[in-house]
Number of protein chains: 2
Amino acid sequence: MSKVQSREKMLEAATRLFHLKGYHATGVNQILQESGAPKGSLYYHFPGGKEQLAAEAIQLSGQLIAGDIRVHLDKYEDAVQAFQQLIQFIAGQFERIDGLLELPTVPLGLLAAETAQVNEHLRQTCEETFGMWESLYIGKLLQCGYSDERARVISTSMIALIEGSVTLSLTRNTNGPLLQIRELIPALLSMK
Amino acid sequence: MSKVQSREKMLEAATRLFHLKGYHATGVNQILQESGAPKGSLYYHFPGGKEQLAAEAIQLSGQLIAGDIRVHLDKYEDAVQAFQQLIQFIAGQFERIDGLLELPTVPLGLLAAETAQVNEHLRQTCEETFGMWESLYIGKLLQCGYSDERARVISTSMIALIEGSVTLSLTRNTNGPLLQIRELIPALLSMK
DNA sequence: TTATATATAGACCAATCGTTATAATTTGGA
DNA sequence: TCCAAATTATAACGATTGGTCTATATATAA
């Protein structure tokens, strides 16, 4: 395994597993098994250990999702349509693996919730990532003529709504909740 | 420690810790320390072990929160007002302990998210609890003249929105997100 | 080709984990 | 008061955890 691949493969495996199962329920041995990398390499490439791996996984995932967000917000001029298509995209990403619903890039809800009280470094990383997504939403809404105040309120709520409905979707083992919140977007964006 | 107290104290401690830190980041030794109960008693009273403890904690917490929901939904005839007051109540429950924001009865977001893929029994318990809360919301909305379809869509979204904003509030260490979603309730409930 | 830096590989570590086992103590009822 | 059942108390268990360590292999530069 080449040096570039090893680090990358570990980060990919970690990203997937942390987002799926959370930080505490994912062991480094599991990440190594999935990535095929040797244990010594993990601490060589990530001297900060499991926590550094998680922080980088959050950032990587945050960037990927920001890319998705940009694509959808840029593609549609109308804010309602843009947000609805984004949510439709997320809902469409769910796939069934071994009978379980699984999301390749899971939003941050789980990691944020589980680290909020027990890991300050990761809490901050999550906060920054949410903040990055939120500014993308604010930018789009301002562009569409929403007041500064309104853009902020809607954007925070949009983050909450999407994270919450992903959790609900995973709990219920159906992407139904995401499809349902999509129907409410017109009402949510009705006041400027 | 009397027999009734022992079981109860363990369940209380478990409820608080599981909801605050999640299932996987809470150890049974920690629960025992906080409750003052001896280890043998834990397995005596909860023969299903940690998992049974968590399931009962979810149910207990779900009932307590259902009580809060009922109080607020019954107190106000107007749906917008009822939901806003409920959210205000949740936001008002945050308190600062050792500089960290802490919620005595935390909604289910964390437990639901972390168990969805790794513990079927707890996933089901979470699903049932969400379902119970959701029917309270549906009932109120139907009473207020919303269509069956609309009541369902709004209720699912309300669960998602509250869970998501609690996560955001804990991540950001401020109840600001909850206060922000409260402002959007009129828009959210604007279509019947 | 050789020397040096980088990365791998896997054994080992102490601590923690959830659970079990068993003896002792307490409680409740006759 | 006595006895059986309930509960407590605590040591021990096997498994897993994240991390350390050291020898070796590979990559790079001269």
Side-chain angles (χ1 to χ4, degrees), chain A residues 1-58 110-111 114-115 117-123 125, chain B residues 1-58 110-111 114-115 117-123 125:
Chain A
M1 196 181 290
S2 87
K3 62 182 172 180
V4 174
Q5 280 193 341
S6 204
R7 190 184 203 279
E8 220 173 84
K9 276 197 173 302
M10 281 188 283
L11 189 53
E12 275 169 21
T15 300
R16 183 175 163 270
L17 290 168
F18 281 142
H19 282 82
L20 204 47
K21 301 183 170 188
Y23 180 71
H24 293 103
T26 301
V28 291
N29 288 330
Q30 200 178 357
I31 291 163
L32 294 173
Q33 192 179 23
E34 175 154 323
S35 65
K39 202 158 193 180
S41 287
L42 191 144
Y43 294 95
Y44 177 78
H45 288 291
F46 301 96
K50 188 182 184 183
E51 184 177 302
Q52 182 183 346
L53 204 42
E56 292 197 22
I58 291 164
L110 173 48
L111 280 170
E114 75 172 316
T115 57
Q117 306 288 325
V118 300
N119 189 311
E120 181 60 19
H121 177 216
L122 295 182
R123 184 198 68 78
T125 310
Chain B
M1 195 180 290
S2 87
K3 61 183 176 180
V4 175
Q5 282 193 346
S6 204
R7 189 183 202 279
E8 219 174 86
K9 277 197 170 306
M10 281 187 285
L11 188 54
E12 275 170 23
T15 299
R16 183 175 163 271
L17 290 167
F18 282 142
H19 282 84
L20 205 49
K21 301 182 170 191
Y23 180 71
H24 294 102
T26 301
V28 291
N29 289 328
Q30 203 179 356
I31 291 163
L32 294 172
Q33 192 177 20
E34 176 156 319
S35 65
K39 204 156 193 178
S41 287
L42 191 145
Y43 295 95
Y44 176 76
H45 286 292
F46 300 96
K50 187 181 184 184
E51 183 176 304
Q52 182 184 347
L53 201 45
E56 292 198 20
I58 292 165
L110 173 49
L111 280 171
E114 74 172 316
T115 57
Q117 307 287 325
V118 298
N119 189 311
E120 180 60 19
H121 178 214
L122 295 181
R123 184 198 68 76
T125 309

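The 12-atom threshold is exceeded at CD of A/Q30, counting heavy atoms of other residues, nucleotides or ligands nearer than 6.0 Å.
Taking all atoms of both residues into account, the shortest heavy-atom contact from B/Q52 to B/R7 is NE2-NH2, 4.1 Å.
Among the nucleotides D/dT8, C/dT8, C/dG18, the one closest to any side-chain atom of B/V28 is C/dG18. Among C/dG18, D/dT8, C/dT8, the nucleotide with an atom closest to any side-chain atom of B/H45 is D/dT8. Closest approach to the A/Y43 side chain among C/dT19, D/dT8, D/dT20 is made by D/dT20 (side chain taken as heavy atoms from C-beta onward). Closest to the side chain of A/P38, from the set D/dA9, C/dT19, C/dA9, is C/dA9.
Residues A/N29 and A/G40 both approach DNA chain D. Their nearest nucleotides, taken by heavy-atom distance, put A/N29 toward the 5′ side.
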Anything under 3.5 Å between a protein N or O and an N or O of nucleotides 12-15 of chain D, put it in a table, one pair a line.
none

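Within the structure, every pair that satisfies the salt bridge (charged side-chain N to carboxylate O under 4.0 Å, His left out) test and touches residues 17-45 of chain B, not counting sequence neighbours, is listed here: B/R16-B/E34.
The stretch residues 51-58 of chain B has no heavy atom under 4.0 angstrom from DNA chain D at all.
In this structure, the side chain of B/T26 engages the main chain of B/L17 through a donor-acceptor pair within 3.5 Å. Looking at B/E56, its side chain never comes within 3.5 Å of a backbone N or O of B/L11 through a donor-acceptor pair.
Partners of A/E51 under the side chain to side chain contact (heavy atoms under 4.5 Å, CB included) rule, at least two apart in sequence or in another chain, are A/Y23, A/N119, A/H121, A/L122. Remark: B/E12 engages B/E8 in a side chain to side chain contact (heavy atoms under 4.5 Å, CB included) (not counting sequence neighbours).
Between D/dA9 and B/S41, no contact under 4.0 Å exists linking OP1 or OP2 to a side-chain N or O.
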